Amino acid sequence: MSAIPDKPQLEGLEEKWGAIWEAQGTYRFEREGADRDAVYSIDTPPPTASGSLHVGHVFSYTHTDTVARFQRMRGKRVFYPMGWDDNGLPTERRVQNYYGVRCDPSLPYVDGFVPPHEGGDGKSIKAADQQPISRRNFIELCERLTVEDEKQFEDLWRTLGLSVDWAQSYRTIGQESLRASQLAFIRNVERGEAYQAQAPTLWDVTFRTAVAQAELEDRDQPSAYHALAFHRTDGAGDIVIDTTRPELLAACVALVAHPDDERYKPLFGSTVRTPIFGVEVPIVAHHLAQQDKGTGIAMICTFGDVTDVIWWRELNLPNRAILGFDGRIVSEAPEAISTEAGLEAFAQIAGKTVFSAKQVMVEMLQASGELQGEIRKITHPVKFFEKGDKPLEIVSTRQWYIKNGARDEALRERLLAHGKELEWHPDFMRVRYENWVEGLSGDWLISRQRFFGVPIPVWYPLDADGNPVFDQPIMPELSQLPVDPSSDVPAGFTEDQRGVAGGFQGEVDVMDTWATSSLTPQLAGGWERDQELYDLVFPFDLRPQGQDIIRTWLFSTLLRSELESGTLPWRHAGISGWILDPDRKKMSKSKGNVVTPAGMLQQHGSDAVRYWAASAKLGTDASFDPQNPTQIKIGRRLAIKLLNAAKFTLGFDASGVGGGVTEALDRSMLASLAKVVDDATRAFEAYDHARALELTESFFWTFCDDYLELVKERAHSGEGQPQASAVAALREALSVFVRLLAPFIPYATEEVWSWFAEGSVHQAQWPTSAELIAVAGEEADLGLLSLMGGALIGVRGAKTAAKASQKTQVELAVVQAPEVDAARLRLAAEDLAGVGRITELRIEAADVAAVTVSEIVLAQAETEG
RNA sequence: GAGCGAUUGGCGCAGUUGGUAGCGCGCUUCCUUCACACGGAAGAGGUCGUGGGUUCAAGUCCCGCAUCGCUCACCA
């Protein structure tokens with residue numbers, strides 16, 4: 001126990017208690033002798049290490065921490081790790097700018113490489129000024145920088161007071177993560193769940209990588225309809241189609257209309273010649289063609305959009321793709337273009353970007369008269385990579401996929417069943433998951449043509465001509481893991497066979513970052529590494545996360561768990577809402593309304609910020625106005641109030657408390673508190689931390705404003721058992737309040753706890769109504785406190801109305817109450833007289849609806865004191 | 001186009017099985033420094049988006065509509 005300061009304050013509590021918690025291992029996960037039922041495990045979201053933390057992080061991580069602290073106090077051994085998501089594109093970009101390098105996988109590794117820059121000023125370095133380095137050197141820099149970034153994050157999390165066990169941290173690019181990711185992938189391959197396919201793929205031309213459905217977002221883009229005339233080969237005139245992508249005309253393989261469309265029915269099976277290029281293409285029918293769109297007949301290109309892909313696949317059309325990986329038109333015209341004029345036209349767009357090619361095509365079409373009428377400008381949604389800034393294109397590439405139920409009814413049903421089995425908080429978030437699963441359009445594309453990620457652990461044999469045999473991949477021995485196929489050698493080969501006919505080549509692609517993140521329960525829980533730990537924590541109790549990544553992180557984690565173990569990875573999913581600025585817009589960097597969490601914590605104190613976060617329910621968006629952080633100020637006030645109320649309470653003479661709590665008012669207060677404990681506990685169990693806080697806080701203020709005021713006279717200058725009863729009740733209540741508030745304001749509560757108890761409040765037992773009833777006794781008068789509160793308001797009101805100080809003496813006060821209540825009030829009349837400074841207090845039974853002060857006579861001001 | 005949320009005093013929110021509308025901020029008036037000025041007391045302020053329905057009784061249940069937000073889908 002420590003001494004109570006004269007002037008308690010919040011400043012400095014973070015440093016003081018943070019150090020003590022660390023030194024004493026307050027939040028350490030103790031596995032010895034535990035069984036699964038004694039453990040509460042949390043699949044913490046690993047923040048992107050190279051990003052920056054924002055208010056939203058503080059918000060949602062606080063939600064989780066309140067649950068962790070509650071469960072810990074209930075006696076659970078809380079497994080609360082922290083991970084860092086440090087692989088992937090964001091890190092690559094940061095490393096490029098920080099060190100002035102870029103990755104060129106064709107270069108050899110340089111031992112002891114020193115980057116041209118260090119530190120950087122955050123500005124982009126032009127690609128031309130970046131020094132090309134080997135993949136291994138690049139990855140080393142990624143690792144170096146993320147370690148530094150992660151240190152900063154950890155400091156912030158510690159200041160915020162997250163009760164994480166820092167011994168349990170992991171990195172998604174760490175060796176253990178690499179091994180687990182590759183092992184899980186190999187298992188997927190062995191079970192036929194992961195496979196390769198050469199197929200049209202959504203492609204980001206800036207990053208030059210394939211992207212998955214889950215990483216797409218629609219953005220409205222200006223575009224325009226161009227009416228193009230196709231010429232019927234039977235000479236019976238033209239067919240006009242509308243297109244927004246005239247630059248893909250050279251890739252046109254057919255025209256398509258709805259099978260029921262009377263206008264085009266007679267034409268199915270006939271052919272037309274494309275404008276400019278003169279390629280003969282068929283007119284085909286497909287139900288996806290919309291009669292009311294454009295002219296009702298569309299051109300199919302390889303590939304303008306995903307519908308083109310469906311048509312191409314289902315109608316067995318040829319592939320005349322003309323877009324390269326760099327987003328430019330390829331140099332060689334498709335074979336189908338055979339006329340001299342056609343080839344000449346193609347030469348004019350070859351090598352051009354989509355944008356320039358479109359301009360050239362429009363000029364040519366206008367010149368030939370095949371572009372009819374006006375170009376009609378429209379705005380329409382276009383698919384983008386969520387991190388990209390150019391529209392996605394579709395190119396044919398070989399990629400790795402993992403089955404996700406899109407084409408496997410049985411798997412999809414199992415995933416939907418798991419969605420129903422999972423307990424969502426709030427429950428309606430389940431619908432988002434179901435929408436996503438039911439809307440999946442293809443298997444999960446997991447290969448990325450990037451560098452800083454988990455390498456896909458395969459090699460391909462080279463045939464006698466030196467061509468890779470992709471459908472016979474060489475898998476690593478499990479003992480080899482983790483492997484980097486671009487530097488490691490498969491069993492049975494030697495390094496000098498790399499790239500040689502009859503030898504092998506390594507896969508250069510890495511996995512989608514979600515392919516690693518989807519294994520966080522396995523990574524953190526010691527899957528295939530520490531079986532004893534894994535059995536203790538898996539399936540996890542809680543997956544906390546944001547609503548925006550249900551389709552990515554939540555879905556992919558659930559999928560991997562289903563594939564690997566056939567079970568849910570967790571029992572509960574707690575989904576936090578957004579932080580909105582005062583205009584109800586989502587906070588974002590570009591809007592310049594992002595506040596740094598470190599500054600917030602510094603300015604207001606961690607408890608205050610936590611209070612703000614915790615006062616919002618799961619799934620509910622919270623607004624935050626940096627200019628006027630009302631909720632934070634209220635939280636600060638609560639924490640300060642607790643310090644002061646505790647100091648006051650602990651200042652009373654406690655020498656006689658052995659007699660227990662005997663006075664009616666004291667018992668009433670404890671009985672009320674017992675109900676609060678029950679209700680708050682129930683709320684916490686239902687993952688409604690905000691309600692637990694509200695219930696506790698609300699009664700805490702009643703405790704301070706009414707009960708404490710009513711009994712302070714008795715506690716301070718009373719005698720014998722009535723005095724001791726007040727002090728005993730105050731101390732018991734304080735102990736309970738401190739524990740109830742500990743999950744929310746861990747610093748102030750720990751400080752207060754140290755004034756009267758041993759150990760950490762965060763390891764103390766969560767209060768129960770039973771302990772309070774044991775002190776208050778059965779059949780306490782639950783409502784007496786609020787009855788007294790009513791009388792007290794009456795007395796105070798009379799003084800306020802007389803513009804007198806609350807300390808003014810009252811010569812006579814007459815309190816009227818219904819007969820039953822009057823009898824109850826008499827039991828605590830002394831307390832009311834004490835706080836009201838009432839010389840003569842009469843409590844009368846009367847025909848009134850509620851407690852009323854019917855008469856009050858104030859003493860003259862000068863008689864005071 | 002489909003779905004999911006939200007709509008309660010100026011602002012931010014609560015209202016758990018239907019039973020006479022609550023909290024905080026702000027506002028008004030007052031008090032005060034012997035726990036708390038990062039205080040305290042009293043008070044004003046709402047026909048719960050809208051139109052129907054069920055019920056003795058609806059903020060709460062049912063149906064329609066409106067506005068806002070989000071998710072998914074569509075993308076010639």
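What you see is a predicted model; the values in this text were computed from it and never measured. Basis for what follows: all heavy atoms, side chains included, without hydrogens, waters or symmetry-related copies. Each chain gets a letter, A, B and so on, in the order its sequence line appears, and its residues count up from 1.
Nearest heavy-atom pair, A/Val848 versus A/Pro818, reported as atom, atom and distance to 0.1 Å: O-CG, 3.2 Å.
Note: A/Phe737 and A/Phe703 have tilted aromatic rings, judged against thresholds of 30 and 60 degrees for the angle between ring planes.
Comparing the P positions of B/rA76 and B/rU8 gives an interatomic distance of 39 Å, to the nearest angstrom. Rounded to a whole angstrom, the distance from the P atom of B/rA57 to that of B/rU28 is 43 Å. Spacing of P atoms, B/rU60 relative to B/rU7, comes out at 11 Å, to the nearest Å. Comparing the P positions of B/rC62 and B/rU55 gives an interatomic distance of 16 Å, to the nearest angstrom. One C1' atom belongs to B/rA66, the other to B/rC36, and the distance between them is 49 Å to the nearest Å. Rounded to a whole angstrom, the distance from the C1' atom of B/rA35 to that of B/rC68 is 46 Å. Distance check on atom P: B/rA2 versus B/rC65 gives 10 Å, rounded to whole Å.
When each of B/rA76, B/rA41, B/rG3 is scored by its nearest atom to the side-chain atoms of A/Val431, the top-ranked nucleotide is B/rG3. Side-chain proximity of A/Arg796 to B/rA42, B/rC74, B/rG3: nearest is B/rA42. Side-chain atoms of A/Arg691 lie closest to B/rU16 of the nucleotides B/rC74, B/rU71, B/rU16. Candidate nucleotides B/rU71, B/rA35, B/rG43 were compared by shortest atom distance to the side chain of A/Asn435, and B/rU71 ranks first. Side chain of A/Asn644, nearest nucleotide from B/rA76, B/rC36, B/rC4: B/rC36.
Summarising the geometry, the separation between NE2 on A/His380 and C1' on B/rC74 is reported as 12 Å, rounded to the nearest angstrom. The distance between atom CG of A/Asp679 and atom C1' of B/rG15, rounded to the nearest whole Å, is 14 Å. Atom P of nucleotide B/rG5 and atom CD of A/Gln547 are separated by 13 Å, given to the nearest angstrom. For A/Phe648 and B/rC34, the CZ to P distance is 11 Å, given to the nearest whole Å. What separates NZ of A/Lys7 from P of B/rU33 is a distance of 14 Å, to the nearest Å. The NZ-C1' distance, from A/Lys383 to B/rC72, rounds to 10 Å in whole Å. Between A/Tyr433 atom OH and B/rC72 atom P there is a gap of 15 Å when expressed in whole angstrom units. Computed from coordinates, the A/Glu438 CD to B/rA73 P distance equals 12 Å when rounded to whole Å.
Taking the side chain to side chain contact (heavy atoms under 4.5 Å, CB included) definition, one finds that A/Ala257 meets it with A/Tyr264, A/Phe268, A/Ile297, sequence neighbours left out.
Between the side chains of A/Glu370 and A/His231, at least one donor N or O lies within less than 3.5 Å of an accepting N or O.
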For nucleotides 19-27 of chain B, give me every protein contact, N/O to N/O, under 3.5 Å, one pair per line with atom names.
| from | atom 1 | to | atom 2 | distance (Å) |
| --- | --- | --- | --- | --- |
| B/rC25 | OP1 | A/Arg637 | NH1 | 3.3 |

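Under the 4.0 Å criterion applied to side-chain N and carboxylate O atoms, A/Arg796 and A/Asp706 are assigned as salt-bridge partners. Under the 4.0 Å criterion applied to side-chain N and carboxylate O atoms, A/Asp688 and A/Arg682 are not assigned as salt-bridge partners. Of the charged side-chain nitrogens involved, at least one lies within less than 4.0 Å of a carboxylate oxygen, so that A/Glu11 and A/Arg636 count as a salt-bridged pair.
Applying the 4.0 Å criterion to OP1 and OP2 of B/rC4, one finds that A/Arg432 has every side-chain N and O outside that range. At B/rC72, one or more side-chain N or O atoms of A/Arg551 fall inside 4.0 Å of OP1 or OP2 (strictly under the cut-off). Note on A/Lys617: a side-chain N or O is less than 4.0 Å away from OP1 or OP2 of B/rA14. Residue A/Ser623 places none of its side-chain N or O atoms closer than 4.0 Å to OP1 or OP2 of B/rG12.
Figure legend: cation-pi geometry between A/Arg637 and A/Trp701, with NZ or CZ positioned under 6.0 Å from the six-membered ring centre and within 45° of its axis.
In this model, no side-chain donor or acceptor of A/Gln291 finds a partner on the base of B/rA76 within 3.5 Å.
Atom CD of A/Gln602 sits in a sparse spot, with 12 or fewer heavy atoms from other residues, nucleotides or ligands closer than 6.0 Å.
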